[in-house]
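Have a look at the structure below, then the notes.
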2 protein chains.
Amino acid sequence: MTLPIGELARKTGVKVPTIRFYEQIGLVTAPPRTEGNQRRYGQEDVERLSFIRHARELGFEVDDIRELLAMSAEPQASCHSADSIARNHLKEIERRIASLTALKGELTRMIEECGHGRICDCRIIEALADHSQCSGEHKH
Amino acid sequence: MTLPIGELARKTGVKVPTIRFYEQIGLVTAPPRTEGNQRRYGQEDVERLSFIRHARELGFEVDDIRELLAMSAEPQASCHSADSIARNHLKEIERRIASLTALKGELTRMIEECGHGRICDCRIIEALADHSQCSGEHKH
DNA sequence: TCTTGAGCCTCTAGTGGCTAGAGGTTGTAG
DNA sequence: CTACAACCTCTAGCCACTAGAGGCTCAAGA
């Protein structure tokens, strides 16, 4: 069961140029080629690439994914880092949800007041500028 | 109360070169300068920039932020002619909250199922591989 | 008043994670 | 055996920064 790159793309939802790009940066290994120099992939590649796509959709960075892939290759090792990568991610996502909810409230209020013909004293900026003072660490 | 760029950076959590970059692309207006050509900012700039940082963290693109800023500057206009802009943003925000909530659920499940033991029992990696077959349409 | 050095200035180039396009080659269906 | 979709490599572009070189400013201390 060997697939050309286009088939792999179709099966995984990762675009052809992106697959080549992933090969270039070493996220996927270079597959064997035909006589005519075309890539041919196997089932493993479908799985690996699906994994990558899914992780990317969840917002993991390429370096995180590299780590996760390395871990999955060594099943004896402890899963502590996988766990902490995921936990960090979760925290970030929770923070985002909270902020978006605040912004949503503010926009909703504005739209409603506009509908009632009131003066729109807009507080969009305050709604989001609020957290400004909780400065501190901002990685990546 | 006039601040040099470094102070503004400290107060807002936006890095100095990023502030200059924002000025360059017209996201913030060029502030007055000292005799010696150094930027001096006021309190408004702190708020505006905090807002920008926050909005960026929420994943809004620079062009979206430009619109949001314009809305907040002219609330009258948004009442009468541009409240569709607000509505569009609201829709976008709701979509985002929904998808982040889904991610959160998925990550939470992954983390819970990870027994904190060995990779071979850890479900994080499997969870990421799972959706592999649900190919199909993937927007943007 | 003068000096020192942290902080400011501009400019160019590099980063991540793709995406687009030019220009040429291969593989397979008819 | 031919047509043509799909493949190949290579370069350049995108967004939103980030880093570094090389030089100038400003305020606090001697």
Side-chain angles (χ1 to χ4, degrees), chain A residues 1-28 30-42 45 48-69 85 89 92 96 137-140, chain B residues 1-28 30-42 45 48-69 92 138-140:
Chain A
M1 224 211 59
T2 80
L3 311 161
I5 197 166
E7 276 297 289
L8 180 63
R10 211 186 41 70
K11 275 184 191 270
T12 60
V14 179
K15 289 177 190 159
V16 168
T18 305
I19 297 173
R20 293 200 272 247
F21 170 74
Y22 284 163
E23 183 182 318
Q24 199 181 297
I25 64 170
L27 197 56
V28 300
R33 306 271 185 136
T34 62
E35 279 292 292
N37 200 34
Q38 300 196 355
R39 292 166 181 87
R40 286 299 119 103
Y41 295 91
D45 297 302
R48 196 179 168 97
L49 202 53
S50 298
F51 174 90
I52 293 171
R53 196 205 82 203
H54 196 194
R56 285 294 298 139
E57 275 174 3
L58 291 178
F60 289 100
E61 289 170 17
V62 164
D63 280 353
D64 291 338
I65 296 172
R66 249 188 259 271
E67 248 185 82
L68 290 168
L69 285 169
I85 290 172
H89 229 73
E92 175 63 26
R96 274 184 209 194
E137 29 10 344
H138 303 286
K139 65 258 126 187
H140 93 270
Chain B
M1 228 212 57
T2 79
L3 309 161
I5 198 167
E7 277 296 288
L8 180 63
R10 211 185 42 71
K11 276 183 192 272
T12 59
V14 179
K15 289 177 191 161
V16 169
T18 305
I19 297 172
R20 292 199 274 248
F21 170 74
Y22 285 162
E23 182 182 320
Q24 198 182 297
I25 64 171
L27 196 56
V28 299
R33 305 270 185 134
T34 62
E35 278 293 290
N37 200 35
Q38 300 195 354
R39 293 165 179 87
R40 286 301 119 101
Y41 296 91
D45 297 302
R48 196 179 167 97
L49 202 53
S50 298
F51 170 86
I52 293 171
R53 196 202 84 202
H54 213 106
R56 285 293 300 134
E57 276 173 4
L58 294 179
F60 288 98
E61 289 171 17
V62 164
D63 281 353
D64 292 336
I65 296 173
R66 251 189 259 271
E67 260 183 68
L68 287 169
L69 285 170
E92 172 65 24
H138 303 288
K139 65 260 129 188
H140 94 269

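So you know, we letter chains A, B, ... as the sequences are listed, proteins then strands, and number each from 1.
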(request) Report the distance from atom NZ of A:K15 to atom C1' of D:dC7, rounded to the nearest whole Å. (result) 18 Å
(message) For a 4.5 angstrom cut-off between non-hydrogen side-chain atoms, does A:I19 reach A:L49?
(response) yes
(request) Identify which one of A:V14, A:T18, A:L68, A:L27 satisfies the side-chain contact (heavy atoms from CB on, under 4.5 Å) criterion when paired with A:I52. (result) A:L27
(request) May I have the distance from A:Q24 (atom CD) to D:dT9 (atom P), rounded to whole angstrom? (result) 10 Å
(request) In whole angstrom, give the distance that lies between atom CG of B:L8 and atom P of C:dG7. (result) 15 Å
(request) Report yes if some heavy atom in the side chain of B:Y22 is under 4.5 Å from a heavy atom in the side chain of B:R56; otherwise report no. (result) yes
(request) Please state whether the phosphate of D:dT9, meaning OP1 or OP2, lies under 4.0 angstrom from any side-chain nitrogen or oxygen of A:R20. (result) no
(request) Consider the side chain of B:R40, meaning its heavy atoms from C-beta on, and name the nucleotide among C:dG17, C:dG27, D:dA27 that approaches it most closely. (result) D:dA27
(request) Would you tell me if any nitrogen or oxygen in the side chain of B:T34 comes within less than 4.0 Å of OP1 or OP2 on D:dT25? (result) no
(request) Give one of base, sugar-phosphate or nothing for B:R56, where a contact means two heavy atoms less than 4.0 Å apart. (result) sugar-phosphate
(request) Rounded off to whole Å, could you give me the CD1-to-P distance for the B:I25 and D:dA16 pair? (result) 7 Å
(request) Examine C:dC18: is either OP1 or OP2 under 4.0 Å from a nitrogen or oxygen in the side chain of A:Y22? Give yes or no. (result) yes
(message) As a test of reading the structure: which of C:dT19, D:dC8, C:dC8 is closest to the side chain of B:Q38, going by heavy atoms?
(response) C:dC8
(message) Is the phosphate of C:dT19 approached by A:T18 (side-chain N or O, under 4.0 Å from OP1 or OP2)?
(response) yes
(request) Consider the side chain of A:E61, meaning its heavy atoms from C-beta on, and name the nucleotide among C:dT10, C:dT26, C:dG17 that approaches it most closely. (result) C:dG17
(request) Find the distance B:R33:CZ to D:dC26:C1' and express it as a whole number of Å. (result) 15 Å
(message) For A:F21 and A:E35, find the nucleotide of DNA chain C closest to each by heavy atoms; which residue's nucleotide sits nearer the 5' end?
(response) A:F21
(message) Without decimals, in angstroms, what is the distance between B:L3 CG and D:dA27 P?
(response) 13 Å
(request) Could you tell me whether A:R39 contacts a base, only the sugar-phosphate backbone, or nothing, with contacts defined as non-hydrogen atoms closer than 4.0 Å? (result) sugar-phosphate
(message) What is the separation between atom CD on B:E7 and atom P on C:dA6, rounded to the nearest whole Å?
(response) 16 Å
(request) Among D:dA16, C:dC8, C:dC18, find the nucleotide with the atom closest to the side chain of A:V62. (result) C:dC18
(request) Would you indicate, yes or no, if D:dC17 has its OP1 or OP2 atom less than 4.0 angstrom from a side-chain nitrogen or oxygen of B:R53? (result) no
(request) Could you check how far CG of A:N37 sits from C1' of D:dC10, rounded to whole Å? (result) 14 Å
(request) Give one of base, sugar-phosphate or nothing for A:I5, where a contact means two heavy atoms less than 4.0 Å apart. (result) sugar-phosphate
(message) Is any side-chain heavy atom of B:I65 closer than 4.5 Å to one of B:F51?
(response) yes
(message) Is the shortest side-chain heavy-atom distance between B:R39 and B:P4 below 4.5 Å?
(response) no
(request) Taking all heavy atoms of B:R40 and all of B:P31, pick out the closest pair and write down the distance. (result) O-CB, 3.4 Å
